[in-house]
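Structure record follows, encoded as structure tokens.
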Amino acid sequence: MTESTMKAPKKALRPVKWMRENLFSGWFNTVLTLGVAYLLVTSVGPLLNWFFLDANFVGSDPSACTGVGACWLFISQRLNFFIYGFYPDELQWRVDVMFLLLAVSFVPQFIERFPGRKWLGLFGIFGLPIVGYFLIPGGSFGLEEVQSSKWGGLMLTLILAYIGIIASLPIGILLALGRRSEMPIIRGICVVFIEVWRAVPLITVLFMASVMLPLFLPEGVNFEKLARALIGITLWQSAYMAEVIRGGLQAIPRGQYEAADALGLGYWRKMGLVILPQALKMVIPGIVNTFISLFKDTTLVLIIGLFDILGTVQSTVTDPAWQNVAIEGYVFVAFCFWVFCFGISRYSQNLERKLDTGHKT
Amino acid sequence: ATTLENVKEKGHLQCGVTSGLPGFSQPDEKGNWTGIDVDTCRAVAAAIFGDANAVEFTPLTAKERFTALQSGEIDMLSRNTTWTLTRDASLGLNFAGVNYYDGQGFLINKGIGVDDATQLDGATICIQAGTTTELNLSDYFRAKGMEFKPIVFDTSEQTVQGFAAGRCDVLTSDRSQLAALRSKLSDPSSAKILPNTISKEPLGPVVRQGDDQWFNIVKWVLSVQINAEELGVTSANADDMLKSDNPNIQRLLGTDGDMGAKLGLPDDFGYQAVKLVGNYGEMYDRNVGPDTPLGLDRGINALWTEGGIMYAPPVR
Amino acid sequence: MKKQTIDTRPAGPKPWYDPRVRSLFFQAIAIALVFWGGWILVDNTLSNMESRGISTGFGFLGETAGFGIIMNLVPYDATMSYGRTFWVGLTNTLLVSAMGVVAATILGFIIGVARLSSNWLVAKMALVYIEVIRNIPLLLQIFFWYFAVLSNLPSPRQSVDVGGALFLNNRGLYLPDPVTQEGFGIVWGGILLAIAAVVGIRIWAKKRQLATGQIFPTFKVGVAILVLVPIISYLVAGRPLEWDLPALRGFNFGGGITIIPELAALWIALSLYTASFIAEIVRSGILSVSKGQTEASKALGLPNGLTLRLVVIPQAMRVIIPPLTSQYLNLVKNSSLATAIGYPDLVAVFMGTTLNQTGQAVEVVAITMAVYLTISLLISLFMNIYNRAVAIKER
Amino acid sequence: MTDQTQTSEMQTPPKDQPGKKPGIIRVEGMHKWYGDFHVLKDLNLTVDQGERIVICGPSGSGKSTFIRCINRLEEHQQGKIIVDGIELTDDVRHIDTVRREVGMVFQHFNLFPHLTVLENCCLSPIWVRKTPRKEAEASAMEYLERVKIPDQANKFPGQLSGGQQQRVAIARALCMKPKIMLFDEPTSALDPEMIKEVLDVMIELAGSGMTMLCVTHEMGFAKTVADRVIFMDGGEIVEQAPPHEFFTNPQEARTQKFLQQILAH
Amino acid sequence: MTDQTQTSEMQTPPKDQPGKKPGIIRVEGMHKWYGDFHVLKDLNLTVDQGERIVICGPSGSGKSTFIRCINRLEEHQQGKIIVDGIELTDDVRHIDTVRREVGMVFQHFNLFPHLTVLENCCLSPIWVRKTPRKEAEASAMEYLERVKIPDQANKFPGQLSGGQQQRVAIARALCMKPKIMLFDEPTSALDPEMIKEVLDVMIELAGSGMTMLCVTHEMGFAKTVADRVIFMDGGEIVEQAPPHEFFTNPQEARTQKFLQQILAH
Ligand SMILES: Nc1ncnc2c1ncn2[C@@H]1O[C@H](COP(=O)(O)OP(=O)(O)OP(=O)(O)O)[C@@H](O)[C@H]1O
Ligand SMILES: Nc1ncnc2c1ncn2[C@@H]1O[C@H](COP(=O)(O)OP(=O)(O)OP(=O)(O)O)[C@@H](O)[C@H]1O
Ligand SMILES: [Mg+2]
Ligand SMILES: [Mg+2]
């Protein structure tokens, strides 16, 4: 038969057909489309005006803002504070170096076939915290010391989320293994630990960590406020992490455990060499999602008086010099978070899709 | 270990302050703290270390402050805190003195057309959580047979934001703060402070119970500053005053006697505190006085010799 | 069979090579460690509290609180005890959580289905909604709904007035409060009657369908009965209901029912935020039902609506329930952010003011955490029971 | 084109059973595309009532797509499909009517896992045909007996073996009392022991005079029951013939090659 | 029961190869329960070094459970299992030692998907036997050559066909240099073409004098290489005999029935 070259018949012009199929199929859809379109048209215009057309971008002091549109000037004037908090100007290069290293180790993760991206990623996870440990607070290698009370803004937000997730990973693994242990008491302890931490709101945890912890510790043992917030966040987060990892452990077929047993690998080698590498890879998307939610939750440190990015903005929007800049401030913070979270969540979705197909082959 | 030993070991004093209240404690963009409460901390640091900067500040909300002090998170609390019996007795705290005599007042939106607190029946009132203000307000309205609706915020910033957004008719707080808070409004002239003062609010530094030495240190550093004003010793003339032959001044600055040693401090602790931070009057003028944005008159905070009630026991 | 003299090792292993003994040993150590750690903690805390002169015990719950709370579902005034403030805070937490769960569920299901809509515009709007809302911290959204929106509402004197009965201003939303008069019993009777009738009709319709196959429009008739019967009995009884209308008294409105802005902002933020997660859960739940199922259903001649109702949704539910549960838990926990905008929930009232006035941090925090733990366990339990009921039976 | 259609009509053995409606399924010049991919090319086929047709052909030749078009699980873009006198168009009413007359059994059974076997069988009778439940259940039990698993009626599909599940799927389709049954490789997802169970049921069904279209590679089944075997390749009907002719004397080279392969296996 | 044991000892053909240790596996009066379900009932068996044993029997007869007991993937509750002179008890050291001497090949291969073929093979030598990596890799390559896939060494299991995967699994087990190899239906998850690949490797292995216990239904394999065929049913060893005897002259009725079924298939 020679008609295999025949083309599919075209019923109508493409855009018209597309609209009929996707927008106006049936009266219900038509009503919906018109309703949504009306809402869009009436709201987008004023929003655009406020955001861009009537907005003030340049100037050097508050009087440059007309008050009709957004006053983005406020953001650009205070940007330094929003990013670095009270970190001394002349030392901010140290933070910049960390930002750069962060970008270098993680941006390539979005680029398939980037040479050595695995190593960069590993550096990001294990090396970066070490570099940061020396660089940000200073006090060694001839670097001037910067008290943690001077850290703030976006930088603090990132530190909290980053350390929180990385420190909670090993604890989460242990808890997950414990929860799947055959020893009932170990399992019980892990279950109780996980469920209690997951049940309480983060702000109660932060409250306890920030002002009550010294009460529980022997006299003389003391950490910085930031360190304590981190301990609280980490323990809280490790409970969530444990549940994510447990999901991965459960997804490993029993045959893998048996094969490892048959090869004579003991418990820790079986877990370390065979089970965990597979389980962790499988739950990377889950870990990334946990990271995103932790990242958003770090804003709660505002309630215990740490100046994260929302805290810095919140503390400046009441500056009498600027008129009504609260919305601009919130929009700015929202935008910062959105860019990070959306980017990362897209990445995790990609990963999910890739792992998904990788599984079948 | 005693608190003093701990502080010396750390090399700095950990001091709890508000997270932002003009005139009392407020960080600037660089994270440098200023305010009368902050200066009280600095004076203690100066007395211990001879360095007014050997102090770190922990910003606290009203809700957190006592727990933070109780737990040992901070060494002293200098955060416009009202001295009450309960706090002294059952919270395990000790008030080391008064660095500002205050009273609770009302800031109202001019639009509601009220000029006395007795007309506030049914008003919505913004307050900061965990303060005596919350209790005084209840007492006051109950005594007057009036009703009110409390809106309770965590920080004074949020309280102002709530007031500015029109959530309440009235903002209540210590009078000293009302002016500062009003200055944060985008249109300060839209609000006014009512003449009424409904409570006594003696504000001062607080320490934990059970460490009398530390309690004495904080108490006497504050007293030294008040006495210094009375004796005319200032940070500017402190060096000259070292040569003074007034025995009161000599004891104050440590050129005579072992006042410091009795407290476990260097003998020149008074000199250091006054030299590096200033006397009480200087502290007041610098932070809340008439020449500051707050513009508060000395009023009852003037020395007893000048018609006020600021009176410190003698250094002897 | 002759026993060969092969050197078999002793039958029972040495205790320290027996895995059972080992496991007992490890568990004993673990228990010991936990108790030891717990004891250290308690001991430290007690000795610290004693050395710092902090009083302990729960006696403070009986003392007079002396502060006001703007919103209370259980009777409260400043002369009541701290223990009462606990109940006020708890009921407020439960109220906003329950409202949030209901709204987030409804909204989440609508958006989740909209996300799969064949209408391109609707699907894309749902996508934009989800991607925007869930990537912005909740606290920020609460601030936005509270401070940014509040300052754009009119003051009480310039309230938005809907028919003199409903007012909106920056102090809240004011609704008329129904006050029942004498003779309202008839209306109650009417309502009960209507409910009974609807239940009866349902049972009858089901029976009839089983017997004859005919399907009765239960839903439409039921709604009609539920609406009409109470109205008629209301009219018959001579309109025994008066409305307590909100009215401007002094600075503020009095009378009626008030929804304060704190509650509204928290509720809106919690619902919108959680709905964006629920929407994704619903979508993936629906997508998880394999295409073969819909095809089989179509091949059996079931129209789209029935396919969704009888085949897809029941199967999607079992995928939806577990993550939905954790969203509910998150919502309850997140309601504690109330403290940031002054809604008097448990954390704001009890762990806030009460803790501060009494200084009993350990006791108050312990009670608060126990409450959240209990709520979590109850929700999990309830959802687990439901989940077991809808689980698929396997071999 | 036309010559092939004629050939096929000629090859159809004349039916002598009385009362059989001729042409219960008529496919005329039907084409289907997936996007730009031309899956089905000018198919022409007439199936009389009571005919049993087996469709075979290499993988990807469009067999599944073809029978799915017949109850419009897939849409064709050109040509006509007329089932029991109703042409399949976009009209939803027609689609519903046709689907009611056509039962379908899938390769992967597609039973509803949340319903018991009995509920699976009663779903369509109750909701589509509005049969009283009692009646529907009685008739479902009859069909379950026919496929020899009445004792499993109250189990859930997940609790049955593959062969049992497929038999439930057949019973479920039969419960609609369809005029036509479509089978899409009903045994290819089954273990060898279970294939026989299912084939036995299908053979019995064929004996009862049901119109059947069956995509299968079970050549034994084709030989036993088919009135006609249709061979498809590349989206076309290459050859159709009664089974003995088809297996012993295939006309086309492609058919011969295909038969060699599967018989060698 | 004792008589059965005696029978089995009598039926064991006397081994004439020199240097073979008798009774490298000895199972004496072994019972196993799953909860209340009695899976294995009073098993008695002695396997000499170098013997090749095929175990067959209907599904659910406990074949897998039995050979899994031999390297203690399952625990038995009564009786004795002595492997290479070591009794399997709760003692962890004994279990470890025995597992080092016993290689196992599973029905579903159970290769580690995150490791390459070579890494799969070297895992146990490196971590359990503490062989230097170089050496372990060299020896792994030898075994991979023996199973005829040295060229796949650096691929991941997911990239191989089923037959290749099973051959890797065999090489992995051999890399432990075990004295005994256990196979649990090694070919039953494979497509027909791949079955041959794997059987060839196993036949070669059998030729090299390895002690083998193999659960399989490949009767051709049994005839070619087995020294003894064991037939299990209902958790008991019903019959054991050299293959020619077993196939031509089964003693028990159950065996006869089983043989009829599988040979007819
Ligand atoms: N939804 C689809 N979109 C695009 N192409 C499709 C789709 N479904 C099937 N095809 C393609 O159409 C062709 C015919 O598919 P079909 O399933 O009808 O083949 P088949 O003869 O049933 O094969 P098999 O014996 O493997 O089931 C194949 O090439 C297939 O890849
Ligand atoms: N973990 C278990 N718990 C309870 N019963 C089990 C378990 N594993 C297996 N069984 C039961 O034990 C019996 C023997 O199982 P086993 O897998 O040894 O049989 P088999 O002879 O290998 O069968 P097949 O040829 O199907 O693999 C079966 O009836 C099985 O259902
Ligand atoms: Mg097909
Ligand atoms: Mg088996």
Side-chain angles (χ1 to χ4, degrees), chain A residues 112-113 117-119 121-122 125 169 173 176-177 181-184 186 245 247-287 351-361, chain E residues 64 67-75 92-115 119-130 155-161 165 168-169 171-178 180-184 189:
Chain A
E112 206 108 355
R113 326 199 155 279
R117 71 180 184 144
K118 196 168 148 199
W119 295 112
L122 286 179
I125 291 173
L169 199 60
I173 290 174
L177 290 179
S181 157
E182 278 161 12
M183 302 183 226
I186 304 267
I245 292 169
L249 291 177
Q250 274 168 343
I252 304 294
R254 225 169 66 119
Q256 295 288 318
Y257 290 85
E258 288 181 347
D261 281 339
L263 287 179
L265 299 171
Y267 178 81
W268 291 107
R269 281 192 202 129
K270 174 170 71 177
M271 288 302 171
L273 296 171
V274 176
I275 306 299
L276 278 175
Q278 297 182 56
L280 287 181
K281 193 171 169 199
M282 207 177 282
V283 296
I284 288 177
I287 293 177
L351 214 60
E352 227 161 316
R353 228 169 287 141
K354 234 185 328 186
L355 291 180
D356 224 24
T357 53
H359 221 243
K360 277 177 203 140
T361 51
Chain E
S64 301
I67 74 164
R68 288 157 58 86
C69 280
I70 292 175
N71 72 345
R72 208 169 173 91
L73 286 178
E74 307 280 351
E75 220 171 285
V92 273
R93 279 174 318 166
H94 291 184
I95 297 173
D96 285 351
T97 325
V98 165
R99 281 188 181 155
R100 236 176 268 177
E101 304 303 338
V102 179
M104 176 141 186
V105 176
F106 298 85
Q107 182 181 8
H108 292 286
F109 335 141
N110 292 347
L111 294 177
F112 303 134
H114 63 299
L115 302 177
E119 287 165 345
N120 261 284
C121 292
C122 294
L123 195 70
S124 176
I126 291 178
W127 291 96
V128 180
R129 293 214 182 257
K130 319 274 187 217
K155 289 199 181 163
F156 285 90
Q159 299 167 316
L160 303 183
S161 76
Q165 290 194 38
V168 173
R172 180 175 71 177
L174 289 175
C175 280
M176 299 164 66
K177 304 201 169 60
I180 303 163
M181 287 280 283
L182 308 175
F183 296 85
D184 188 1

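Reminder, nothing fancy here: chain letters follow the sequence lines and each chain counts from 1. None of the values given here were measured: they were computed from a predicted structure.
Put simply, the side chain of A:Gln256 gets close to the backbone of E:Leu111: a donor and an acceptor are under 3.5 Å apart.
When heavy atoms are compared at a cutoff of 4.5 Å, E:Val98 does not approach chain A at all. For chain A, the nearby part of E:Arg68 is the side chain; its heavy atoms alone come within less than 4.5 Å.
Between E:Phe106 and A:Ala262, the closest heavy-atom pair is CZ-CB, 4.1 Å. The two residues E:Arg99 and A:Gly264 come nearest to each other via the heavy atoms CB-CA, 4.2 Å.
The distance from atom CG of A:Leu263 to atom CH2 of E:Trp127, rounded to the nearest 0.5 Å, is 14.0 Å. Atom CG of E:Leu123 is separated from atom NZ of A:Lys270 by 13.0 Å, given to the nearest 0.5 angstrom. Between atom CG of residue E:Leu115 and atom CG of residue A:Leu273 there is a gap of 8.0 Å, rounded to the nearest 0.5 Å. To the nearest 0.5 Å, atom CD1 of residue A:Ile275 and atom CZ of residue E:Phe112 are 7.0 Å apart. Separation of atoms NE2 (E:His108) and CZ (A:Arg254) is listed at 12.0 Å; rounding is to 0.5 Å.
Of all the listed residues (E:Met104, E:Met176, E:Glu119), the one sharing the greatest number of non-hydrogen pairs under 4.5 Å with chain A is E:Met176.
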**Item:** Full working for side chain to side chain contact (heavy atoms under 4.5 Å, CB included) between E:Asn71 and A:Asp261
**Value:** CA-CA 9 Å; E:Asn71 72 345; A:Asp261 281 339; over 6 Å; no

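Counted within 6.0 Å of CD on A:Gln250, heavy atoms from surrounding residues, nucleotides or ligands total more than 12; the atom is thus considered enclosed.
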